[in-house]
2 protein chains.
Amino acid sequence: MTGRPRSFDQDAALLLSMERFWQNGYERTTIGDLTATLGITAPSLYAAFGDKDTLFASAAAHYVASVTAQMDKTLSQPNVRDGLAELFRVTVESYTDEKTPPGCFLLSEPRLADERRTLTARLAGHLRRGIDDGFLDASTDADALAEFTIAVIAGMSTRARDGGSAAEVRAIADVALAAVDAHAI
Amino acid sequence: MTGRPRSFDQDAALLLSMERFWQNGYERTTIGDLTATLGITAPSLYAAFGDKDTLFASAAAHYVASVTAQMDKTLSQPNVRDGLAELFRVTVESYTDEKTPPGCFLLSEPRLADERRTLTARLAGHLRRGIDDGFLDASTDADALAEFTIAVIAGMSTRARDGGSAAEVRAIADVALAAVDAHAI
DNA sequence: ACCCTTCTATAGTGCTTGTTATAGAACCGT
DNA sequence: ACGGTTCTATAACAAGCACTATAGAAGGGT
């Protein structure tokens with residue numbers, strides 16, 4: 001009833017697939033590319049993950065969940081302004097971390113527009129809380145500031161993917177954080 | 001010596017090709033896609049433009065030249081701060097113009113990293129002039145502000161490509177412009 | 001009217017793509 | 001040890017890709 005055991009670690013394979021999609025995007029990542037990096041054959045991949053679209057969706061969902069949890073954790077400190085500063089800090093670090101592909105999978109992959117929208121709404125929620133708690137000016141437009149923040153971070157991702165250094169990406173974040181501070185109390 | 005005349009307008013064909021690459025990116029734009037939208041056959045396309053990479057380069061060069069000229073024109077007014085305000089204004093308009101594909105070809109196509117770098121350096125030059133002319137604070141880091149501006153505009157492009165409305169894209173620009181104003185005199 | 005040149009249309013090239021049929025291998029429960 | 005189940009490997013599939021050889025059509029120069 002149990003059958004022959006899988007010859008590879010499915011979770012590790014999902015992580016490796018995610019990195020390939022992250023690095024090269026959906027179109028340029030081929031099944032042959034994936035089977036080569038996973039060290040398995042096509043039928044094994046299809047049996048474990050379904051077709052290319054399904055595997056991409058699984059990999060993207062994993063990335064999105066991770067990045068969402070990271071944002072929630074970073075912004076859950078009392079002072080949202082300090083949270084934003086830390087968000088920019090960890091973003092710079094992760095986008096230029098040599099152990100992972102540069103930039104952000106979620107913000108660079110055209111197919112993930114819906115997930116970007118969801119993340120922006122979630123960030124707006126954090127900012128609204130910051131306004132309610134008195135850490136941001138009451139006149140602050142939480143939605144606009146969230147859109148701005150995601151836009152800047154998307155631009156930071158582009159710069160990192162273009163080969164920008166950590167210092168260059170950080171320079172962007174610093175200007176953006178100064179803009180955020182205009183709304184801080 | 002002159003031979004059979006070309007049956008189509010080469011300049012118009014280049015513009016149409018540019019729109020396809022702009023809309024769908026390099027990989028998703030196929031030769032069949034191009035011949036269909038141009039209403040010509042593959043040999044005609046190859047005779048006129050060379051292979052896919054060469055055609056893409058020509059289309060991209062045309063876009064880059066146009067956007068660079070637009071930026072130069074917008075920023076050549078005396079007060080660079082006013083120029084930046086207008087740059088953001090025309091950017092919002094063009095990114096959400098229904099007559100063209102959404103967002104920016106130059107800032108959304110992964111292959112155009114070098115051209116992005118060139119544009120950023122050119123913007124930094126304008127900002128340096130603005131500092132020298134006394135319209136921006138002398139302590140302003142022109143390179144950092146240029147990187148920031150391009151990053152924000154890249155984020156605006158992403159939002160426009162994701163289906164964002166003109167109002168949403170403008171909201172991003174407004175926050176960014178407030179950040180720029182922190183350096184204005 | 002003819003030749004020369006350059007374009008166009010048909011058709012097909014070889015390659016890569018995502019996906020799968022088939023057969024054999026490896027494990028569990030009995 | 002054996003049957004049942006689930007995996008793996010080989011091999012191949014059809015479709016799509018970028019690209020082109022060949023032959024004919026359309027113009028200009030003389």
Side-chain angles (χ1 to χ4, degrees), chain A residues 1-63 101 105 108-112, chain B residues 1-63 101 105 108-112:
Chain A
M1 200 184 274
T2 47
R4 176 173 175 174
R6 186 162 279 131
S7 68
F8 60 94
D9 183 335
Q10 189 160 9
D11 293 341
L14 182 62
L15 283 178
L16 281 172
S17 304
M18 184 190 79
E19 289 208 355
R20 297 308 290 170
F21 283 124
W22 181 358
Q23 176 90 50
N24 294 87
Y26 179 86
E27 341 259 353
R28 284 173 51 208
T29 304
T30 69
I31 298 292
D33 179 17
L34 291 170
T35 57
T37 57
L38 301 190
I40 63 177
T41 59
S44 296
L45 184 141
Y46 276 84
F49 299 108
D51 65 9
K52 189 186 176 184
D53 270 82
T54 307
L55 173 52
F56 175 85
S58 302
H62 188 277
Y63 186 93
F105 181 25
S108 63
E109 173 60 52
R111 297 180 162 237
L112 300 179
Chain B
M1 201 182 279
T2 47
R4 178 174 176 176
R6 184 161 280 128
S7 68
F8 59 96
D9 183 334
Q10 188 161 9
D11 292 342
L14 181 63
L15 283 177
L16 280 173
S17 303
M18 185 191 79
E19 288 208 356
R20 298 308 291 170
F21 282 125
W22 180 358
Q23 176 90 50
N24 290 36
Y26 178 86
E27 341 259 355
R28 284 173 49 207
T29 303
T30 69
I31 298 292
D33 180 16
L34 291 170
T35 56
T37 58
L38 301 190
I40 62 176
T41 59
S44 296
L45 184 139
Y46 277 84
F49 299 108
D51 65 7
K52 189 185 175 184
D53 270 82
T54 306
L55 172 53
F56 175 85
S58 302
H62 187 277
Y63 186 93
F105 182 25
S108 63
E109 173 61 53
R111 297 181 162 237
L112 301 179

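Letters go in sequence order (proteins before strands), and every chain restarts at 1. The shown structure was predicted, so the numbers you read here are calculated from the model rather than taken from an experiment. Worth knowing before you read on, the calculation uses all heavy atoms, side chains too, and leaves out hydrogens, waters and symmetry mates.
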B/Phe56 atom CZ is separated from D/dC19 atom P, nearest whole Å, by 14 Å
Note: B/Thr35 and B/Gly32 closest approach over all heavy atoms is OG1-O, 3.0 Å
Looking only at heavy atoms, the pair that brings B/Tyr46 and B/Asp51 closest together is CE2-CA, 3.7 Å
Checking D/dT20, D/dC7, C/dC7 against the side chain of A/Arg6 (C-beta onward), the nearest is D/dC7
Which of C/dT10, D/dA18, D/dT10 is nearest the side chain of A/Thr41? It is D/dT10
In whole angstroms, the gap separating C1' of C/dG18 from CZ of A/Phe49 amounts to 17 Å
Looking only at C/dT19, D/dC19, D/dT8, the nucleotide nearest the A/Asp51 side chain is C/dT19
Rounded to whole Å, CG of A/Leu45 lies from C1' of D/dC7 at a distance of 14 Å
From CG of B/Leu34 across to P of D/dC19 the rounded distance in Å is 11 Å
Notebook entry, point to check: With respect to the phosphate group of D/dT8, does any side-chain polar atom (N or O) of A/Ser7 fall under 4.0 Å of OP1 or OP2?
Noted result: yes
Exercise. Is the backbone of A/Ala48 close enough, under 3.5 Å, to the side chain of A/Gln10 for a donor and an acceptor to pair up by distance?
Worked result: yes
When B/Thr30 and A/Pro43 are each assigned the nearest nucleotide of DNA chain D, the 5'-most assignment goes to A/Pro43
In terms of heavy-atom contacts, A/Leu38 and A/Ala13 come closest through CD2-O, 3.6 Å
Query raised in the report: Contact class for B/Thr29 (heavy atom, under 4.0 Å): base, sugar-phosphate, or nothing?
Result: sugar-phosphate
Considering only heavy side-chain atoms of A/Ile31, the closest of D/dC17, C/dG18, D/dC7 is C/dG18
From CZ of A/Arg28 across to C1' of D/dA18 the rounded distance in Å is 17 Å
Considering only heavy side-chain atoms of B/Ser44, the closest of C/dT8, D/dA18, C/dT17 is C/dT8
In whole angstroms, the gap separating C1' of D/dT20 from OH of B/Tyr46 amounts to 9 Å
In whole angstroms, the gap separating P of C/dA25 from CZ of A/Phe8 amounts to 20 Å
Checking C/dA26, D/dC19, C/dA9 against the side chain of A/Pro5 (C-beta onward), the nearest is C/dA26
ask   = Under 6.0 Å from the six-membered ring centre of B/Tyr26 and within 45° of its axis: does the NZ or CZ of B/Lys52 meet both?
value = yes
(Q) Does A/Ala42 reach a base, just sugar-phosphate, or nothing at all? Heavy atoms under 4.0 Å. (A) base
Is there a donor and acceptor pair, one atom on the side chain of A/Arg4 and one on the base of C/dC27, closer than 3.5 Å?
-> no
When rounded to whole Å, the CG to C1' distance for the pair A/Leu38 and D/dT8 reads 14 Å
